[in-house]
Amino acid sequence: MQLVILGSGTAIPVADRFPAGYLVTSERTTVMVDCGPGSLRRLAQAGKGLPDLDAVLLTHYHTDHCADLAALLFALRSPHYAGRRPMRVFGAPGLQRLVQKLTEAWPWLSPRGYQLELVELTPGRFSLQDLEVTAVPIRHTAQSLGYRIASASGSVALSGDADECDELVELARGTDVFVCDAATPDGQKLEGHLTPGLAAEHAERAGTKTLVLTHFYPECAGHDVAAMAAQRFAGRVVVAEDLMQIPIRP
Ligand SMILES: [Zn+2]
Ligand SMILES: [Zn+2]
């Protein structure tokens with residue numbers, strides 16, 4: 001499996017980091033986890049097209065994690081994609097309402113030429129082709145989810161936005177790669193988010209092999225966030241950059 005970072009940034013516009021988006025590919029399946037604004041452009045830059053995409057998993061409904069959902073639904077109406085396989089979008093309860101309200105505002109988001117499947121998730125496990133996905137409630141908004149995605153050849157956990165919680169450890173337990181919110185440098189913690197040191201503490205407790213720090217606010221510029229994490233985590237630390245490719249393997 002492979003992970004591509006589509007966006008390692010936040011709602012604050014900066015030149016080099018788009019808002020949240022991640023691509024996970026296995027032998028048979030391609031899923032995007034979150035699709036913040038610009039994720040579709042990054043997808044194209046990563047050499048993938050919408051025909052490749054099987055599903056979108058949303059961690060929560062802050063716009064830096066899902067605003068490109070509207071752009072995706074509009075794009076999929078193009079004759080380019082007519083007859084494609086169904087697009088499946090997964091998220092916490094509220095997904096149906098979000099898409100309904102978006103479609104009230106923008107009637108041209110309603111599906112044409114393909115089927116849209118919206119799936120509201122409760123915490124638990126489900127199969128997605130050759131992937132096994134586990135949705136875990138994470139402390140951030142009232143209904144934030146983290147996702148653990150596993151196949152026969154590896155496992156990855158993605159925190160979404162996250163504050164300190166035991167569920168984060170459960171999410172990442174024993175994974176090959178753990179992508180975790182590290183929004184601001186140690187000592188400058190924001191409510192609802194983690195720092196590199198706190199991400200590392202959760203990763204260490206979870207026994208993950210590789211910790212990928214991401215979701216960097218501009219405050220992180222000029223700080224050695226990898227060193228902050230390495231003080232509390234014995235595994236490999238990666239500092240996410242947009243379009244970075246990270247292999248997922250045991
Ligand atoms: Zn965010
Ligand atoms: Zn958020």
Side-chain angles (χ1 to χ4, degrees), residues 3-24 31-43 56-72 89-95 97-99 101-102 120-121 123 135-149 156-165 167-168 171-172 178-186 188-199 202-203 211-221 223 225 229 238-244:
L3 168 71
V4 181
I5 310 291
L6 300 175
S8 58
T10 67
I12 310 299
V14 295
D16 54 343
R17 296 187 188 279
F18 280 23
Y22 305 90
L23 195 70
V24 176
V31 300
M32 190 157 55
V33 178
D34 283 341
C35 58
S39 292
L40 297 192
R41 180 66 53 89
R42 285 294 198 221
L43 192 69
V56 178
L57 306 175
L58 297 175
T59 61
H60 66 298
Y61 303 125
H62 283 160
T63 51
D64 59 320
H65 294 255
C66 65
D68 254 12
L69 182 60
L72 175 67
V89 182
F90 297 85
L95 178 64
R97 183 173 179 277
L98 174 69
V99 173
K101 293 287 180 190
L102 286 173
E120 295 197 340
L121 295 169
V136 176
I138 296 296
R139 192 176 149 215
H140 179 63
T141 58
Q143 289 183 304
S144 293
L145 297 172
Y147 293 104
R148 179 192 180 101
I149 302 172
V156 57
L158 301 107
S159 70
D161 288 355
D163 208 329
E164 295 178 81
C165 58
E167 287 82 358
L168 205 52
L171 176 81
F178 176 31
V179 182
C180 191
D181 179 337
T184 46
D186 291 3
Q188 300 182 43
K189 186 183 179 310
L190 290 178
E191 175 77 29
H193 293 280
L194 296 171
T195 62
L198 288 170
H202 287 76
L211 170 62
V212 180
L213 302 173
T214 191
H215 205 263
F216 299 117
Y217 275 87
E219 286 86 334
C220 290
H223 288 267
V225 293
V238 173
V239 178
E241 286 175 21
D242 288 21
L243 296 175
M244 181 183 263

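Whatever order the structure lists them in is the order used to number ligands and atoms, beginning at 1. Because the structure is a prediction, the values reported are computed rather than measured. Residue numbers start at 1 and run along the sequence shown.
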*How many protein N, O or S atoms sit closer than 2.8 Å to the Zn ion (ligand 1)?*
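Under the 2.8 Å cut-off, the count stands at 4.
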*What orientation do His193 and His215 show, parallel under 30°, tilted 30 to 60°, or perpendicular over 60°?*
parallel
*Could you tell me which residues satisfy ring-ring contact (aromatic ring centres under 6.0 Å, His included) with Tyr61, sequence neighbours excluded, listed by chain and number?*
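Scan of Tyr61 (ring-ring contact (aromatic ring centres under 6.0 Å, His included), adjacent residues dropped) gives none.
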*Counterpart residues, side chain to side chain donor-acceptor pair (under 3.5 Å), relative to Arg17 (two or more places apart)*: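 For Arg17, the residues satisfying side chain to side chain donor-acceptor pair (under 3.5 Å) (neighbours in sequence not counted) are Ser8.
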*List in chain and number order the residues that pass side chain to side chain donor-acceptor pair (under 3.5 Å) with Thr141, two or more places apart in sequence or in another chain; answer none if no residue qualifies.*
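With neighbours one apart ignored, the set is Ser144.
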*Can you name the nearest heavy-atom pair linking Ala229 to Leu211, along with the distance?*
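Looks like CB-CD2, 4.3 Å.
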*Could you pull out the closest heavy-atom pair between Asp16 and Arg42, with the gap in Å?*
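Minimum heavy-atom separation between Asp16 and Arg42: O-NH2, 3.8 Å.
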